[in-house]
Amino acid sequence: MPPAATTSLGYSPPDGGWGWAVVFGSFISIGFSYAFPKSLTIYFKEIQEYFSVSYSEIAWVSSVMLASMYAGGPVSSVLVNRYGSRPVVMVGGVMVGTAMLLASFGTSIMHLYLCVGLIGGFGLAFNLQPALTIIGTYFQVKRPLANGLAMTGSPVILSTLAPLNQFLFDSFGWRGSFLILGSICLNCCVAGSLMRPVTKVVPPKPGPGPPGCAERFIDFSLFKHRGFLIYLVGNVVLFFGFFAPVVFLAPYAKHQGIDEYSAALLLTIFALVDMFIRPVTGFLGNTKLVRPKIQYFFSFAVSYNGICHLLCPLLPGYAGLVGYAVILGLGFGMVSALLFEVLMDLVGAHRFSSAVGLVTIIECGPVLLGPPISGALVDAYGDYKYMYYACGVFMLAPGIFLFVMHYFNYKKLEEEQRQSVAEGLGENNASKPNNIQVFCSV
């Protein structure tokens, strides 16, 4: 597989300039999209007691929010392809702010599912997908590094929101905190304003007439793309165990009798390590050694996460949880930094918007069901260790699957490339005149 830098976009991306301002805007948008649902877990125990609900019921708040964020991917893709990233992100910021405002008046857990989960989740979808897409239009050679820096927004914002949420809860309760968080989310509108469309001149190309309406914005031919299907199958499985260990990290600590601030500190430690490893991963992914085979790097990162979850119940006490937060931050950060870069590497930047839309709508199932299934295991056994064992299997199995399948995919691509070169040489030789025959005829 050739490096993603060779993908033809029809123009030369600037690979810098205003692109770094776009990376900063994406840093904020992506940060809120991924950090916000995780940071709300600080309020889970208190909301659970307030509404008298179970672990699995309270877990649905984050699950519905994340699932809505993923389910909104195709809608976001259509809007981005039609209007560009800037207005879509700004509308998303308004939606999340409004959702938290409405949730502060919640009278039941269903109210939170609707406001925080559904409306807030779609608002995050309008922040996430446009931010990921616009980076590919500004960067090509430095794209893994740019993606790694943008994805660092999640741990940076999480490390800020985790202690801030605990302070807000102690000062204003969960209702007042939700109201304040709604105003903070409006910063996504500022981030969106930085996402100026890239200036490009593409020569017109003759082609067939306009397609059926949906195909103008979503490329369904991706379901015939071998690499895309490998990525999709692996990701559907791994997402059953990707978010739940982070969602339940603070509740797990409280379950062991650890005080609230120490439990919140675990998320901060996790976020700090995550914050460090994401740009490092982007830098490594941009090296000549790793980038041509970056799918192996991603497979390793997924497998490493699975091993971390399997080890978690074996680490005793608060010191063990701190150690787990560190190794989890490393694994989670590597997967997050590579998650969309490897998809862009497979399908190319020009098809990425459609690809990420299709991937997210399919992944919303495991994203929605993963944490509640994990919460149900906690309810059934009264212990978190079975939840961590299950998440470990859900991560380790697809990691091995991705490694094996991409080994065969790389071999197949090399074979196809050799055949293409051979056919090209054959055509060139056939088109050249025979010098001897030409001489004789003269």
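Just so it is clear, the values below take in all heavy atoms, side chains as well, and ignore hydrogens, waters and symmetry mates.
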Report yes if some heavy atom in the side chain of [X] is under 4.5 Å from a heavy atom in the side chain of [Y]; otherwise report no.
{"X": "Asn165", "Y": "Leu181", "result": "yes"}
{"X": "Lys45", "Y": "Pro251", "result": "no"}
{"X": "Gln140", "Y": "Asp15", "result": "yes"}
{"X": "Arg291", "Y": "Asn286", "result": "yes"}
{"X": "Leu346", "Y": "His406", "result": "yes"}
{"X": "Tyr261", "Y": "Asp170", "result": "yes"}
{"X": "Leu145", "Y": "Phe139", "result": "no"}
{"X": "Met334", "Y": "Asn305", "result": "no"}

Would you give the length of the straight line joining atom [atom1] of [X] to atom [atom2] of [Y], rounded to the nearest 0.5 angstrom?
{"X": "Thr152", "Y": "Ile157", "atom1": "OG1", "atom2": "CD1", "value": "11.0 Å"}
{"X": "Leu112", "Y": "Ile58", "atom1": "CG", "atom2": "CD1", "value": "7.0 Å"}
{"X": "Cys391", "Y": "Leu238", "atom1": "SG", "atom2": "CG", "value": "11.5 Å"}
{"X": "Ile184", "Y": "Leu168", "atom1": "CD1", "atom2": "CG", "value": "6.5 Å"}
{"X": "Asp379", "Y": "Met387", "atom1": "CG", "atom2": "CE", "value": "11.5 Å"}
{"X": "Leu102", "Y": "His111", "atom1": "CG", "atom2": "NE2", "value": "6.0 Å"}

- Message: Please determine whether side-chain contact (heavy atoms from CB on, under 4.5 Å) holds for the pair Met100 and Leu179, giving the CA-CA distance in whole Å, both sets of side-chain angles, and the decisive distance to 0.1 Å.
- Response: CA-CA 6 Å; Met100 297 307 295; Leu179 186 62; over 6 Å; no
- Determine, step by step, whether Leu267 and Val246 satisfy the side-chain contact (heavy atoms from CB on, under 4.5 Å) criterion, reporting the C-alpha distance in whole Å, the side-chain angles of both residues, the deciding distance to 0.1 Å, and the verdict. CA-CA 8 Å; Leu267 284 175; Val246 182; 4.3 Å; yes
- Query: Do other residues, nucleotides or ligands put more than 12 heavy atoms under 6.0 Å from Tyr407 OH?
  - Reply: no
- Item | Within 6.0 angstrom of Phe276 CZ, more than 12 heavy atoms from elsewhere | no
- ring-ring contact (aromatic ring centres under 6.0 Å, His included) pairs touching residues 25-47, sequence neighbours excluded, are Tyr43-Phe178
Closest non-hydrogen atom pair, [X] against [Y]:
{"X": "Ala263", "Y": "Lys254", "value": "CB-CG, 3.9 Å"}
{"X": "Val22", "Y": "Leu194", "value": "CG2-O, 3.8 Å"}
{"X": "Met195", "Y": "Val89", "value": "SD-CG2, 3.7 Å"}
{"X": "Leu284", "Y": "Val290", "value": "O-CB, 3.2 Å"}
{"X": "Met65", "Y": "Pro37", "value": "SD-CG, 3.9 Å"}
{"X": "Ala191", "Y": "Ser29", "value": "CB-OG, 3.7 Å"}

Contacts table for residues 369-377: side-chain donor-acceptor under 3.5 angstrom, sequence neighbours left out:
{"residue": "Ser374", "atom": "OG", "partner": "Gly370", "partner atom": "O", "Å": "3.0"}

- Aromatic ring proximity Phe239/Phe243, centre distance under 6.0 Å: yes
May I ask you to decide if [Y]'s main-chain N or O and [X]'s side chain share a donor-acceptor pair within less than 3.5 Å?
{"X": "Thr360", "Y": "Gly357", "answer": "yes"}
{"X": "Thr287", "Y": "Phe283", "answer": "no"}
{"X": "Asn147", "Y": "Glu341", "answer": "no"}
{"X": "Arg278", "Y": "Gly153", "answer": "no"}

Under 3.5 Å, sequence neighbours excluded: what are the donor-acceptor pairs made by side chains of residues 314-332?
{"residue": "Tyr318", "atom": "OH", "partner": "Ser262", "partner atom": "O", "Å": "2.9"}
{"residue": "Tyr324", "atom": "OH", "partner": "His309", "partner atom": "ND1", "Å": "3.0"}

- Task: Apply side-chain contact (heavy atoms from CB on, under 4.5 Å) to the pair Leu222 and Ser354, showing each step before the final yes or no.
- Result: CA-CA 8 Å; Leu222 285 164; Ser354 293; 4.1 Å; yes
Side chains of residues 118-132: which donor-acceptor pairs under 3.5 Å do they make with residues two or more places apart or in other chains?
{"residue": "Asn127", "atom": "ND2", "partner": "Gly123", "partner atom": "O", "Å": "3.0"}
{"residue": "Gln129", "atom": "OE1", "partner": "Ser76", "partner atom": "OG", "Å": "3.4"}
{"residue": "Gln129", "atom": "NE2", "partner": "Ser77", "partner atom": "OG", "Å": "2.9"}
{"residue": "Gln129", "atom": "NE2", "partner": "Thr133", "partner atom": "OG1", "Å": "3.3"}
{"residue": "Gln129", "atom": "NE2", "partner": "Ser353", "partner atom": "O", "Å": "3.3"}
{"residue": "Gln129", "atom": "NE2", "partner": "Ser353", "partner atom": "OG", "Å": "3.2"}

- Message: Over 60° means perpendicular and under 30° means parallel, so tell me whether Tyr388 and Tyr252 are parallel, tilted or perpendicular.
- Response: tilted
- Item | Pair Glu414, Tyr410: side-chain N/O donor-acceptor within cut-off below 3.5 Å | no
- Evaluate the ring pair (Phe, Tyr, Trp, His ring centres under 6.0 Å) criterion for residues Trp18 and Phe24: first the C-alpha distance (whole Å), next the side-chain angles of each, then the deciding distance (0.1 Å), finally the verdict. CA-CA 10 Å; Trp18 187 259; Phe24 178 70; over 10 Å; no
- Task: Can you tell me which residue pairs pass the salt bridge (Lys or Arg N to Asp or Glu O under 4.0 Å) test with a partner in residues 314-326, sequence neighbours excluded?
- Result: none
- Non-neighbouring partners of Tyr386 that pass ring pair (Phe, Tyr, Trp, His ring centres under 6.0 Å), sequence neighbours left out: Tyr381
- So Asn235 and Phe298, side-chain contact (heavy atoms from CB on, under 4.5 Å) or not? Walk me through it. CA-CA 11 Å; Asn235 276 33; Phe298 180 64; 3.8 Å; yes
